[in-house]
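To keep things clear, I will list the structure first and then write my remarks on it.
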Amino acid sequence: MDEITLQQLLEAGCHFGHKSERWHPKAGDFIYTKKDGIHIIDLATTKAGLDAAIVFIKDIVAEGKEVIFVGTKRQAQGVLAEEAAAVAAPYFSKRWIGGFLTNWEEVKKNIDKVNRLAAEKETNAWKKFPKHERGSLARYLEKVTVDYGGVMKLTEVPGAIFVVDVKKEDTAVREATRVGIPIIAIVDTNSDPTGIDYVIAANDDAVGSIQLITHALAQAYKEGKELYEKIENKKKEEDNTKRVGEE
């Protein structure tokens, strides 16, 4: 993927923080200056954080692990869902499911149930049920798909999470911290970066800022997947060659 430049970050509005009276003292390390009562983010810091996050995501996905993209605020929902879906990455854009990380075993059962019901619907296995029961099942499936639709292919606890706004997604951040999963996040000037493993200091309200950063991370995910598939295919080829030689 092409490197994200300072000019691109500037044009996307990544440098605009919040009003100076709303700042978080621990965000001071990435605040460049104050202009007209608004804190301006140091884009050199933003770029460094984004570059590090890109490398991390690419590497961890290449190892076969997953990264969940999380952005449930209004400005992030559409952008995040589109970018994550485009690269087949798991995501939450409507709401975070409480206990998703800390109560994974039970959550996994729910995901399996949703997948089973979806498969049964596709194969017309519901024909054996009365019409009113089929209607109830369809409504239930539609409801839970809203919650689980972006993570239905997830089979194990993810290797990391990416969140657009650490204040908005505080539950996801707390759960990831509790279970020891690395956190990548867009952190604005009103937020505490403490505990975030990969801080991307940037405007977390502007759609342009969210889209530029999320797209870059989604492309890193895609490249990581492609590397993983190449590694797996090579292993299979080597195993087949070894097997043929033994025969």
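Nearest approach of Ala160 to Ile181, heavy atoms of both residues: CA-CG2, 3.3 Å. The two residues Thr214 and Glu83 have their closest heavy-atom pair at CG2-CB, 3.8 Å. In terms of heavy atoms, Gly224 sits closest to Val61 at C-CG1, 3.6 Å. Minimum heavy-atom separation, Val114 to Met152: CG1-CE, 3.4 Å. Here the closest non-hydrogen pair linking Leu154 and Pro90 is CD1-CG, 4.0 Å. Of all heavy-atom pairs between Lys47 and Ile4, the closest is NZ-O, 3.0 Å.
Within 6.0 Å of CD in Glu21 there are more than 12 heavy atoms belonging to other residues, nucleotides or ligands. The number of heavy-atom neighbours closer than 6.0 Å to CG of Asn233, taken from other residues, nucleotides and ligands shown, is above 12. With a 6.0 Å radius and a threshold of 12 heavy atoms from other residues, nucleotides or ligands, Lys222 has its NZ atom at or below the threshold.
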Requested in this report: Run the numbers on Val67 and Ile60 for side-chain contact (heavy atoms from CB on, under 4.5 Å), then give the verdict.
Outcome: CA-CA 8 Å; Val67 177; Ile60 197 172; 3.8 Å; yes
Query - Working for side-chain contact (heavy atoms from CB on, under 4.5 Å), residues Asp188 and Asn203 - result: CA-CA 5 Å; Asp188 211 329; Asn203 185 332; 4.0 Å; yes
Query raised in the report: Going through the distances and angles, do Glu232 and Lys235 end up as a salt bridge (Lys or Arg N to Asp or Glu O under 4.0 Å)?
Result: CA-CA 5 Å; Glu232 289 300 300; Lys235 286 180 181 178; 3.7 Å; yes
Query raised in the report: Between Lys127 and Glu120, is a salt bridge (Lys or Arg N to Asp or Glu O under 4.0 Å) present by the stated rule, with each step listed?
Result: CA-CA 10 Å; Lys127 281 187 175 181; Glu120 289 176 350; over 6 Å; no
**Report entry** Verdict with supporting geometry, Arg178 and Leu101, side-chain contact (heavy atoms from CB on, under 4.5 Å)
**Finding:** CA-CA 9 Å; Arg178 184 175 172 184; Leu101 298 177; over 6 Å; no
Report task. Tell me, with the steps shown, if Lys58 and Leu227 meet side-chain contact (heavy atoms from CB on, under 4.5 Å). Result -> CA-CA 9 Å; Lys58 183 176 177 179; Leu227 280 173; 3.6 Å; yes
Requested in this report: Please assess Phe162 against Tyr221 for the test ring-ring contact (aromatic ring centres under 6.0 Å, His included), listing each intermediate value before the final yes or no.
Outcome: CA-CA 11 Å; Phe162 160 64; Tyr221 176 95; over 10 Å; no
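A heavy-atom distance below 4.5 Å is not found between the side chains of Ile38 and His18. Side-chain contact between His39 and Ser20: present, with at least one pair of heavy atoms (C-beta onward) separated by less than 4.5 Å. Residues Val164 and Phe69 have side chains not in contact (no heavy-atom distance under 4.5 Å, counting atoms from C-beta outward). For the pair Leu50/Leu217, a side-chain contact is recorded, criterion being any heavy-atom separation below 4.5 Å from C-beta on. Counting only heavy atoms from C-beta outward, the side chains of Ile41 and Phe16 never approach each other to under 4.5 Å. Looking at heavy atoms from C-beta onward, Val207 lies out of side-chain contact with Ile210 at the 4.5 angstrom threshold. Residues Ile186 and Val163 have side chains not in contact (no heavy-atom distance under 4.5 Å, counting atoms from C-beta outward). Residues Phe92 and Leu80 fail the side-chain proximity criterion, which asks for heavy atoms closer than 4.5 Å.
Under 4.0 Å is where a charged nitrogen must lie from a carboxylate oxygen, and between Asp112 and Arg116 no such pair does. Taking the charged nitrogens against the carboxylate oxygens, Lys109 and Glu106 do have a contact shorter than 4.0 Å, which makes a salt bridge. Ionic pairing of Glu142 and Arg139 is not present here: no N-O contact between side-chain nitrogen and carboxylate oxygen is shorter than 4.0 angstrom. A salt bridge links Arg95 to Asp147: at least one charged side-chain nitrogen sits closer than 4.0 Å to a carboxylate oxygen. Using a 4.0 Å cut-off between a side-chain N of Lys or Arg and a carboxylate O of Asp or Glu, Lys73 and Asp204 qualify as a salt bridge.
The structure places NZ of Lys113 at 10.5 Å from CG of Leu141, a figure rounded to the nearest 0.5 Å. Within the model, atoms CD1 of Ile54 and CG of Asp51 stand 5.5 Å from one another, a figure rounded to the nearest 0.5 Å. Atom OG1 of residue Thr155 and atom NZ of residue Lys108 lie 6.5 Å apart, to the nearest 0.5 angstrom. Taken from CD in Glu63 to CD1 in Ile231, the straight-line distance is 8.5 Å, to the nearest 0.5 Å.
The backbone N or O of Val157 sits nowhere less than 3.5 Å from a side-chain atom of Glu66 that would complete a donor-acceptor pair. Checked by atom type and distance alone, the side chain of Ser209 never pairs as donor or acceptor with a backbone atom of Ala12 at under 3.5 Å. The main-chain N or O of Thr72 is found under 3.5 Å from a side-chain atom of Glu169 such that the two form a donor-acceptor pair. A distance-only check finds a donor-acceptor pair linking the side chain of Gln77 to the backbone of Ser93 [under 3.5 Å].
Side-chain contact of Gln219 with Glu223: a donor-acceptor pair under 3.5 Å is absent, judged by distance alone.
In this structure, Ile68 is a member of the same hydrophobic cluster as Val179, with clusters built from ILVMFWY side-chain heavy atoms closer than 4.5 Å. Following chains of ILVMFWY side-chain contacts shorter than 4.5 Å, one can reach Ile161 starting from Val187, so the two form part of one hydrophobic cluster. The cluster map of Ile, Leu, Val, Met, Phe, Trp and Tyr, joined by side-chain heavy atoms under 4.5 Å apart, puts Tyr32 and Leu9 in different clusters. Cluster membership check: Phe56 does not share its hydrophobic cluster with Val173, using side-chain heavy-atom separations under 4.5 Å among Ile, Leu, Val, Met, Phe, Trp and Tyr. Both Val151 and Tyr140 belong to a single network of hydrophobic side chains, linked directly or stepwise wherever heavy atoms of I, L, V, M, F, W or Y lie under 4.5 Å apart.
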